[in-house]
Amino acid sequence: MATFALVDCNNFYASCERLFRPNLKTRPVVVLSNNDGCVIARSQEAKAIGIGMGAPLFKIRDVVEEHGVAVCSSNYALYGDISERVMTLLGSNAPNHEVYSIDECFLDLDNLGVPDLSDWCRNLRQKTYKWTGIPVSIGVGPTKTLAKLANRLAKRSIKSGGVIDLVHHPEWIEPALRKTPIGDVWGVGRRWSQMLEERGITTAHDFAHAEDGWIRKKMGVVGLRTAHELRGYVCHALDDQPQPKQTTCCSRSFGETVRDKDQVHDALMSFAERAAEKVRRADQVAGAMQVFIRTDPFNPNAAQKSLSGSVSFDHPTNDARAIAGAATRILNRIWREGFAWKKAGVLLLDLAANGTAPLSLFDAVAPKDDGLMNAMDTINQRYGRGSIRLGLAGKDQNWRMRRENLSPSFTTKWADLACARMV
DNA sequence: TCTGGGGTCCTAGGACCC
DNA sequence: TCTGGGGTCCTAGGACCC
């Protein structure tokens with residue numbers, strides 16, 4: 001039998017915000033989405049006073065005021081760096097591991113050669129807290145889906161000490177399935193849980209005992225795999241060598257709607273540049289790209305429009321100039337006057353490892369000019385993103401994100417380094 | 001007034017081929 | 001009046017994840 005562990009950081013973004021700001025330790029903390037729109041992470045105290053996931057900031061102003069809630073704009077430079085530290089530590093303790101998201105990691109605990117796995121997990125949990133300052137919970141199960149489920153219960157149970165092991169306590173599996181609502185099962189989202197509830201399937205236990213043919217018909221092979229995993233049959237293996245990305249995207253909602261083409265263009269140039277940088281960092285090139293712009297779907301009074309266009313590159317590229325140029329041509333092609341644009345984005349598609357992209361028929365050698373891009377990346381890495389850019393930025397930047405409560409980049413910017421003072 | 005961004009996988013349907 | 005069956009490739013859309 002396989003043994004998977006899921007290590008999940010507790011309230012990750014809120015925990016990161018607290019790391020370098022001890023004065024937040026005793027206050028409820030929430031972290032906001034881009035443009036400071038809605039709540040995407042909450043500390044335990046913030047959950048306790050009833051702040052919901054996804055709550056728009058304007059709706060919780062009163063609660064914030066009343067309880068002295070610390071409100072933070074999201075700071076992904078900080079979270080990404082802290083995440084790396086946690087993952088490195090986990091990886092050094094369990095060589096077979098899969099970094100699943102910014103705050104989650106699956107471990108393969110087979111062949112680890114430890115006498116008491118639950119004990120080992122509790123140690124790992126303490127070590128992670130001591131070394132990184134981030135509290136984690138650990139769920140252990142015979143499949144990834146059951147490890148996830150165990151993790152969720154570990155987070156909720158005080159007496160579990162942050163660890164629940166369903167592999168060495170198989171008698172816990174059935175009660176665990178019974179007390180997990182169907183919508184909290186990994187792989188069952190909002191649509192499916194509504195559909196299942198309407199048919200009386202309200203818990204993980206109900207779903208695990210539903211009929212295969214019916215599940216297959218209603219939810220395809222994806223849903224069937226989830227059901228099998230709940231029964232203890234492995235359908236999702238540990239993926240410790242993740243495949244390179246096939247697409248990458250840089251998109252944003254604007255701080256304010258924008259009607260002016262130059263400003264939309266300016267935003268797209270910035271996205272194109274950033275997307276190209278991501279692809280260079282992965283040592284890939286893009287074979288095609290897509291640009292989209294759209295109005296605000298939440299505003300019922302505004303005329304709605306969603307436009308997009310794409311191109312293929314003759315020579316797959318990661319050069320910001322080529323990508324920005326293509327984005328400009330696409331925008332010129334799709335642009336329509338008279339709409340209040342709210343969001344735009346650049347997608348780079350058909351990504352391939354740099355150097356392996358096939359040459360086009362008439363090429364002797366692929367064109368190569370990496371010097372300038374390398375220099376830009378080096379400067380931006382050293383002095384902070386945006387230190388050097390293509391000379392395209394316009395003056396009006398209404399599309400820029402609102403980030404009114406941004407914490408310092410404690411670990412990724414020299415200027416933001418925390419200072420300790422002897423008293 | 002206000003409502004994120006970045007991904008993956010699967011399926012259905014159309015175009016096209018033999 | 002009759003108009004197959006099976007395959008591939010591509011795209012759009014829908015489900016999910018964090």
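In what follows, chains carry the letters A, B, and so on, assigned in the order in which the sequence lines appear, proteins first and then strands, with residues in each chain numbered from 1. Predicted model, so just to flag it, every value in this text is computed and none were measured.
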*asked:* Using whole Å, what does the distance between atom C1' of nucleotide B/dG4 and atom CZ of A/Arg274 come to?
replied: 16 Å

_Rounded distance (Å) that lies between atom P of B/dG5 and atom CG of A/Asn34_ = 5 Å

*Could you tell me if the ring centre of A/Phe4 sits under 6.0 Å from that of A/Phe106?*
no

Contact list (N/O, under 3.5 angstrom) for nucleotides 6-8 of chain B vs protein:
residue : atom : partner  : partner atom : Å
B/dG6   : OP1  : A/Arg252 : NH1          : 2.9
B/dG6   : OP2  : A/Ser251 : N            : 2.6
B/dG6   : OP2  : A/Ser251 : O            : 2.9
B/dG6   : OP2  : A/Ser251 : OG           : 2.6
B/dG7   : OP1  : A/Lys245 : NZ           : 3.2
B/dG7   : OP1  : A/Thr248 : OG1          : 2.6
B/dG7   : OP2  : A/Cys249 : N            : 2.6
B/dT8   : OP1  : A/Gln246 : N            : 3.4
B/dT8   : OP2  : A/Thr247 : OG1          : 3.2

*To the nearest 0.5 Å, what is the distance between OG (A/Ser306) and CD1 (A/Ile293)?*
8.5 Å

_Could you check whether A/Arg274 pairs with A/Glu277 (Lys NZ or Arg NE/NH1/NH2 to Asp/Glu carboxylate O, under 4.0 Å)?_
yes

*More than 12 heavy atoms of other residues, nucleotides or ligands under 6.0 Å from NZ of A/Lys25: is that the case?*
yes

_Nearest-nucleotide 5' precedence on DNA chain B, A/Asn299 against A/Arg225_ = A/Asn299

*Please, what dot-bracket string fits DNA chain C when only Watson-Crick and G-U pairs with both distances under 3.5 Å count, crossing ones use [ ] and pairs to another strand use |?*
....||||||||||||||

*Rounding to a whole Å, what distance do you find between A/Phe58:CZ and B/dT3:C1'?*
7 Å

*Taking atom P of B/dT1 as reference, at what distance in whole Å does atom CD1 of A/Ile60 sit?*
19 Å

*Short question: side chain of A/Glu229, backbone of A/Cys235 - any donor-acceptor pair under 3.5 Å?*
yes

*Quickly work out the A/Leu6 CG to C/dC18 P distance and round it to whole Å.*
9 Å

*Give the rounded distance in Å between these two atoms: CG of A/Leu32 and C1' of B/dT3.*
12 Å

*Could you state the OH-P distance from A/Tyr13 to C/dC18, rounded to the nearest angstrom?*
12 Å

*Do A/Asp81 side-chain atoms and A/Leu78 backbone N/O form a donor-acceptor pair below 3.5 Å?*
no

*Examine distances only and state if a side-chain atom of A/Asp108 and a backbone atom of A/Asp110 form a donor-acceptor pair shorter than 3.5 Å.*
yes

*Would you say A/Arg191 has more than 12 foreign heavy atoms packed within less than 6.0 Å of its CZ?*
no

*asked:* Need to verify one output field. Residue with the more 5' nearest nucleotide on DNA chain B, A/Lys59 or A/Gly220?
replied: A/Lys59

_Looking only at the aromatic ring of each residue, does the gap between the centers of A/Tyr100 and A/Trp186 stay below 6.0 angstrom?_
yes

*What is the distance from CZ of A/Arg294 to P of B/dG4, rounded to the nearest Å?*
8 Å

*Counting just side-chain N and O atoms, does A/Ser74 come under 4.0 Å of either OP1 or OP2 of B/dG4?*
no

*With the sugar-phosphate defined as primed atoms, P, OP1 and OP2, and the base as all remaining atoms, what B/S/- string results for nucleotides 11-17 of chain C, 5' to 3', for protein heavy atoms under 4.0 Å?*
----SSS

*For a salt bridge (charged side-chain N to carboxylate O under 4.0 Å, His left out) with A/Asp212, tell me which candidate from A/Lys217, A/Arg231, A/Arg225 qualifies.*
A/Arg231

